[in-house]
Asker: 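Handing you a structure now.
Proteins come first, then strands; the chains are lettered A, B, ... in the order of their sequence lines, and each starts at number 1. As the structure is a computational prediction, the values presented were derived from the model and not from experiment.
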Amino acid sequence: MSRLYITTPIYYVNAKPHIGHAYTTVVCDVFARFNRMLGADVKFTTGTDEHGKKVEQSAVKAGISPQEFADNISKLFRDLLPVLNISNNDFIRTTEPRHKKTVQHFWKKLKDAGYIYLGEYSGWYDMRNEAYFAEDELVDGKSPLGGEVQYITEPCYFFKLSAFQDKLLEFYENNPDFVYPVQRRNEMLSFIKQGLRDLAISRTTFSWGIPVPDDPKHVVYVWLDALTNYLTLNGYPDNENQNNDKYWNNVIHFVGKEIVKFHAIYWVAFLMAVGIKPPKQVVSHGWWLSEGEKMSKSLGNVQDPYKYCRLFGSDALRYYMLRELTFGSDGNFALEAFIQRYNSVLANAYGNLCNRVLSFICKRCNGVVTRPTELLPDDEKFIGEVDGGIEQVIPLVRQYNFSRYLEKVEHMISLANQYVDYQKPWGLKDSEPKRMQDILFILAEQIYKITKCLYPVIPHTAEKLLKQLGIPYELKFIPTEKIPDVIHITDIEPLFPRIDTSDIQKLNVYAEG
RNA sequence: CGCGGGGUAGAGCAGCUUGGUAGCUCGUCAGGCUCAUAACCUGAAGGUCAUUGGUUCAAAUCCAGUCCCCGCAACCA
């Protein structure tokens, strides 16, 4: 059985979760569920990143301890998981003892390997942005980030990143698919080729962090701290030999485009330094704009995932996010587009298809249909097209092409609606009742297959439909999967009730309140 | 010569890596059906794929130039 270890980044607790966090998590969940359905043993993890100066400052501002502050926000991230129906296997907080232990162990390993040295960092320091700049980088006496700067010297541990330039290039050469998509890979390559400078990996200007072993004046740089979570979650250091670990041999890190560098360069170098195999792939996605503009707190247009789940259900949000965005690119999150997709695809095409077929079976066949003894050419054509669709869907998901995957499924739904219209079972109830029930059975079976395809994206509704069909959910997924020879249908209800588009304003008000 | 993304039917997007009938959703118009969540099905109109030039038997797709739009303080997937 193939194993897979899928991770979200751990989310920084400086602010509450927004639609972007939800997106990354949902993408991972869909990928995890799909692979499980194909028979993989999937470990899927997420969590929160809680150390660092910004959290410390925010806590001070809020008048509480950093730990309390982190507790509060971390809870919002954790509580979002069931709301989004996420199937993660673990949730980590960087403030947990198990993680502290891993980070300190990892640090010692890096040091023993000779890749950490004590030096000092001096330069123009932008207090607000916690970053040093060279003289020639300053703009009008301020940092390029706009903050006031002062010249300081601070003792600091460094990681010899410069020693990994050639090794990284070689690694990229040997693993052409390491960074997805290819544009991001090219960015990484040019970054490496520009020349890598040693990385400052400790801080002394604040204390909210994991103390450096044997030198507790320093705390570990947040990114080193955060990245190490992937090891903590895989049992390191108790499970010291990660290179023989089946999960570790198939790690896929899903990340937003802004943090590719940390995963695809720094993290790889850290792991190389201690002799642990780098991840298999870093997969990066784009950003959501909000109603056409960049999402930001100051613009007040941050999209709240809780709101959409409350209004339309998590399945609808999951579907919209995966279908709307071409994976890897930026896209626009808009209520109107959300409702349009919901109504046209989930309500009209899919929901109505299920409803028209199942209620027909209830009304005309007393809820029971049995497998036909023979198929007509039309039936075989239809079934063949659905099976063919499923075969196309699998590679699309493996290639992270979620929007085209759903487009394919939408096409399969359309084929089913065509089949209903063309076969006109309602015209056969008196003349050819046998043929009528054959048609309905075939439809029920294809609906089942289509629903299986949709399951990773809309797990809640998919289970509901299977229940209506009276078929227990099984994880396995075979393109030519068959349902039982006799189907009993009971308790039908619409899967996705139509949204009244004239009520958008009201919906907004309701959602805010 | 700052960096990056983008310009494809009325709107929003896919296709561009691996050149070869321009595709999807919505909208519009005209039919059909009546099982169904006023849903479904069929057909039609609508694109010189920003622009110029080049390569080629053939370019939305490759190459070069030009124009235009968006992002690049912080928060942050």
Asker: Students often get this wrong, so: under 4.0 angstrom with heavy atoms, is A/T25 touching a base, only sugar-phosphate, or nothing?
Answerer: nothing
Asker: Should A/S414 be listed as having a side-chain N or O under 4.0 Å from OP1 or OP2 of B/C41?
Answerer: yes
Asker: Rounding to an integer number of angstrom, what distance separates B/C62 and B/G6 when you compare their P atoms?
Answerer: 12 Å
Asker: Quote, to the nearest angstrom, the P distance that separates B/A14 from B/U25.
Answerer: 15 Å
Asker: Which nucleotide, B/A77, B/U25, B/U37, lies nearest any side-chain atom of A/H285?
Answerer: B/A77
Asker: Rounded to the nearest 0.5 Å, what's the gap from CD1 on A/I489 to CG on A/L469? Could you check?
Answerer: 5.5 Å
Asker: Quick one: label A/H411 by what it contacts on the DNA or RNA (base, sugar-phosphate, nothing), any heavy atom closer than 4.0 Å.
Answerer: nothing
Asker: What is the nucleic acid contact for A/G20, judged by heavy atoms within less than 4.0 Å: base, sugar-phosphate only, or nothing?
Answerer: base
Asker: Would you indicate, yes or no, if B/C76 has its OP1 or OP2 atom less than 4.0 angstrom from a side-chain nitrogen or oxygen of A/N14?
Answerer: yes
Asker: Quiz question: by atom type and distance under 3.5 Å, do the side chains of A/R93 and A/S74 form a donor-acceptor pair?
Answerer: yes
Asker: For B/C13 and A/T326 - does any side-chain N or O of the residue sit under 4.0 Å from the phosphate oxygens OP1/OP2?
Answerer: no
Asker: Which nucleotide, if any, forms a Watson-Crick or G-U wobble pair with B/C13, using both distances under 3.5 Å?
Answerer: B/G23
Asker: Under a 4.0 Å threshold between the charged nitrogen and the carboxylate oxygen, would A/R371 count as salt-bridged to A/E445?
Answerer: yes
Asker: Between B/A77, B/A14, B/U25, which nucleotide gets closest to the side-chain atoms of A/W287?
Answerer: B/A77
Asker: Between B/A39 and B/C3, how far apart are the two C1' atoms, rounded to whole Å?
Answerer: 49 Å
Asker: Please measure how far the C1' atom in B/G53 lies from the corresponding atom in B/G46, and state the result in whole Å.
Answerer: 30 Å
Asker: Can you measure A/L322 atom CG to B/A14 atom P for me and round it to whole angstrom units?
Answerer: 15 Å
Asker: Any base atoms under 4.0 Å from A/I259, or only sugar-phosphate, or nothing? Heavy atoms, all strands.
Answerer: sugar-phosphate
Asker: Look at all strands and tell whether A/G286 reaches a base, only sugar-phosphate, or nothing, counting heavy atoms closer than 4.0 Å.
Answerer: base
Asker: Please determine, for the side chain of A/E407, which listed nucleotide (B/U37, B/C41, B/C24) has the closest atom?
Answerer: B/C24
Asker: Write down the distance separating the P atoms in B/A58 and B/G20, rounded off to the nearest Å.
Answerer: 14 Å
Asker: From C-beta outward on A/Q340, which listed nucleotide comes closest to its side chain: B/G15, B/A39, B/C26?
Answerer: B/C26
Asker: Across the strands shown, which category fits A/Y422 at heavy-atom distances under 4.0 angstrom: base, sugar-phosphate, nothing?
Answerer: nothing
Asker: Please tell me which of the listed nucleotides, B/A14, B/U37, B/C24, lies nearest to the side chain of A/F496?
Answerer: B/U37
Asker: Is there any protein nitrogen or oxygen under 3.5 Å from a nitrogen or oxygen in nucleotides 31-35 of chain B, and what are the pairs?
Answerer:
from	atom 1	to	atom 2	distance (Å)
B/G32	N2	A/D421	OD2	3.4
B/C35	O2'	A/R356	O	3.3
B/C35	O2	A/R356	NE	3.1
B/C35	N3	A/R356	NE	3.4
B/C35	N3	A/R356	NH2	2.5
B/C35	N4	A/R356	NH2	3.1

Asker: Cation-pi check for A/F206 against A/K53: NZ or CZ below 6.0 Å from the six-membered ring centre and within 45 degrees of the axis, yes or no?
Answerer: no
Asker: How would you label the contact of A/V255 with the nucleic acid (heavy atoms, under 4.0 Å): base, sugar-phosphate, or nothing?
Answerer: sugar-phosphate
Asker: Identify whether any heavy atom of A/A347 sits under 4.0 Å from a base atom; if not, whether one sits that close to sugar-phosphate; answer base, sugar-phosphate or nothing.
Answerer: base
Asker: Any side-chain N or O of A/K294 under 4.0 Å from OP1/OP2 of B/C70?
Answerer: no
